[in-house]
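Have a look at the structure below before the remarks.
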Amino acid sequence: MPAQLLDGKQISEQQIQAIRSRVEQRLAEGRRAPALAVVLIGDDPASAVYVRNKKLACERAGIRSVSFEYPASFSEAALIELVQQLNQDPEIDGILVQLPLPDHIDPELIIETINPHKDVDGFHPYNFGRLALKMPLLRPCTPFGAMTLLQHTGVDPAGLDAVVIGASNIVGRPMALELLMARATVTVCHSKTRQLADKVRSADIVVAGVGRPNFVQGDWIKPGAIVIDIGINRLPNGRLCGDVDFEAARQVAGWITPVPGGAGPMTISTLMHNTLEAHLALYP
Ligand SMILES: Nc1nc2c(c(=O)[nH]1)N[C@@H](CN(C=O)c1ccc(C(=O)N[C@@H](CCC(=O)O)C(=O)O)cc1)CN2
Ligand SMILES: [Mg+2]
């Protein structure tokens, strides 16, 4: 029997509608809407799409978005000043600086400048450290969204073997911390990992985030496994595909996310969730 689909589009829409209800309830009590500052530097076309989708999600969630868009020539010093102003602004609850930044801007420096309580991406070392210590506050959106998908399977990760492919700061590392917090036994694989296929074959949960189209083969998947594909790769024909060979893997897996329509939309609805959380923490 082919795998059940983890429909990120539908689940993210449910999440956004739940946020909207909460926001409307607060508005009825005379409070202001949560507000997200959306910062985009440069003209990377994929970033422009993601930022547009984030602003549209804000509209659907009842969150006010405030846009700051500058050309690639915008200086690092000017960006630091902008972030510092947003940190001080009592009308702003969350600050999102879209990545990647142009080469002359140090992303770590910018992330560390964001007030951790407004760091709705969960990338600041303060938030990352809290996740590592099982005291999460604002959690990186893609892995947190993947955990929401996992929750929708009804399967408790405790004691299961999870393999995370990719060790990036945005996806693989925080994903491993999320799964560890859920008490899975976690193996993190990366470009130096040996016998990768064997490691994946032993996994009850596979999370792939390497950015290589159809990299994970169907015969690497353990029958019944939960497969969460975080890769978003654009093929020469313009179509999107994930890191997992979807058609082959879905014949074996128990649950699988599609690309598009899986982890991607969850990243955006989780950003809405984090923005509401940041707002509630600042204005209970
Ligand atoms: N500041 C951040 N920068 C980046 C993040 C992030 O979480 N914060 N993650 C990625 C990009 N990203 C969000 O910014 C993101 C990528 C993809 C999707 C998505 O919904 N993808 C769709 C397909 C969209 C398309 O047609 O291209 C899908 O998978 O269905 C959302 C968010 C790097 N930068
Ligand atoms: Mg750079």
Side-chain angles (χ1 to χ4, degrees), residues 5-13 15-16 36-42 44-58 60-61 65 67-69 79 82-83 86 94-102 105-114 116 118-124 127-128 131 138-149 166 168-175 178 207-211 213 227-235 237-244 246 256-275 278:
L5 272 196
L6 279 167
D7 186 342
K9 218 169 159 192
Q10 192 195 331
I11 297 167
S12 67
E13 197 48 47
Q15 190 173 31
I16 286 175
L36 175 66
V38 180
V39 181
L40 174 64
I41 311 295
D44 178 67
S47 291
V49 171
Y50 303 145
V51 159
R52 194 180 65 222
N53 289 343
K54 287 174 184 185
K55 290 192 282 192
L56 289 170
C58 281
R60 297 205 310 280
S65 72
S67 217
F68 298 87
E69 301 194 2
L79 182 53
L82 171 63
V83 169
L86 296 169
I95 303 170
L96 161 87
V97 178
Q98 187 62 33
L99 301 178
L101 287 165
I105 302 179
D106 175 1
E108 274 92 27
L109 180 62
I110 301 304
I111 289 165
E112 286 205 69
T113 303
I114 298 173
K118 295 189 178 189
D119 167 39
V120 285
D121 261 326
F123 293 161
H124 191 288
N127 284 313
F128 211 94
L131 180 62
L138 292 167
R139 297 152 72 170
C141 298
T142 301
F144 190 13
M147 293 307 286
T148 306
L149 289 175
S168 70
N169 287 351
I170 294 186
V171 176
R173 281 164 203 264
M175 189 72 235
E178 287 282 357
V207 183
V210 277
V227 179
I228 298 182
D229 191 347
I230 289 176
I232 297 171
N233 310 292
R234 196 163 291 279
L235 297 172
N237 65 10
R239 292 181 64 171
L240 285 184
C241 82
D243 289 347
V244 177
F246 178 80
I256 192 166
T257 59
V259 177
M266 294 305 299
T267 297
I268 294 185
S269 58
T270 305
L271 177 70
M272 302 300 111
H273 170 89
N274 283 353
T275 303

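Any value given below was found using the heavy atoms of this structure, including those in side chains, with hydrogens, waters and symmetry copies removed. Everything quoted here is computed from the prediction, not taken from an experiment. Remember, it's 1-based here, ligands and their atoms both numbered in the order they're listed.
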Task: Side chain, backbone, both or neither: the part of Ile268 lying under 4.0 Å from ligand 1 by heavy atom - done: side chain
Task: Between OG on residue Ser67 and CG on residue Leu36, distance to nearest 0.5 Å - done: 9.5 Å
Task: Closest heavy-atom pair and its distance - Phe246, Pro258 - done: CE1-CA, 3.8 Å
Open item on the list: Could you tell me, atom by atom, which parts of ligand 1 come under 4.0 Å of a heavy atom of Pro260?
Closed with: 28 (C), 29 (O), 30 (O)
TODO: Among all protein heavy atoms, pick the one closest to atom 1 (N) of ligand 1 and tell me residue, atom and distance.
DONE: Asp121 OD2, 2.7 Å
Open item on the list: For ligand 1, which is the ligand I care about here, please tell me if Gln98 has any N or O atom under 3.5 Å from one of the ligand's N or O atoms.
Closed with: yes
Task: Proximity to ligand 1 by part of Leu240, non-hydrogen separation under 4.0 Å - done: side chain
TODO: Over all heavy atoms of both residues, which pair between Leu235 and Pro213 is shortest? Give the atoms and the distance, please.
DONE: CD2-CB, 4.0 Å
Open item on the list: Looking only at protein heavy atoms, which one is nearest to atom 30 (O) of ligand 1, and what is the separation?
Closed with: Gly261 N, 2.6 Å
- [ ] Would you check whether Thr267 has a nitrogen or oxygen atom less than 3.5 angstrom from a nitrogen or oxygen atom of ligand 1?
- [x] no
Open item on the list: Distance check, rounded to the nearest 0.5 Å: Asn233 atom CG versus Leu240 atom CG?
Closed with: 8.5 Å
Task: Non-hydrogen atoms of Leu99 and Pro107 that approach each other most closely - done: CD2-CB, 4.3 Å
Task: Atom pair OG1/CG of Thr275 and Leu96 - distance to nearest 0.5 Å - done: 8.0 Å
Open item on the list: Walk me through whether Ser65 and Lys54 qualify under side-chain hydrogen bond (donor to acceptor under 3.5 Å, both in side chains).
Closed with: CA-CA 9 Å; Ser65 72; Lys54 287 174 184 185; over 6 Å; no
Open item on the list: If the contact criterion is a heavy-atom separation under 4.0 Å, does Pro265 count as touching ligand 1?
Closed with: yes
Open item on the list: Counting non-hydrogen protein atoms only, what is the nearest one to atom 13 (C) of ligand 1? Give residue, atom name and distance.
Closed with: Lys54 NZ, 3.3 Å
Task: Nearest non-hydrogen protein atom, atom 21 (N) of ligand 1 - done: Ile232 CD1, 3.7 Å
Task: N or O pair under 3.5 Å between Tyr50 and ligand 1 - done: no
Task: ligand 1-proximal atoms of Arg234, by part, heavy-atom distance under 4.0 Å - done: side chain
Open item on the list: To check your reading of the model: name the closest protein heavy atom to atom 9 (N) of ligand 1, its residue, and the distance in Å.
Closed with: Ile170 CG2, 4.5 Å
TODO: Check step by step if salt bridge (Lys or Arg N to Asp or Glu O under 4.0 Å) holds for Glu69 and Arg52.
DONE: CA-CA 11 Å; Glu69 301 194 2; Arg52 194 180 65 222; over 6 Å; no
- [ ] Output the list of atoms in ligand 1 that are nearer than 4.0 Å to some heavy atom of Leu96, sorted by atom number.
- [x] 1 (N)
Task: Nearest heavy-atom neighbours spanning Leu138 and Asn274 - done: CD2-O, 3.6 Å
Open item on the list: If we ignore hydrogens and angles and just use 3.5 Å, is the side chain of Lys55 paired with the main-chain N or O of Val38 as donor and acceptor?
Closed with: no
Task: Distance from atom 19 (C) of ligand 1 to nearest protein heavy atom, with residue and atom - done: Gly264 CA, 3.4 Å
- [ ] Can you sort out which atoms of ligand 1 are near Val97, meaning under 4.0 Å from one of its heavy atoms?
- [x] 1 (N)
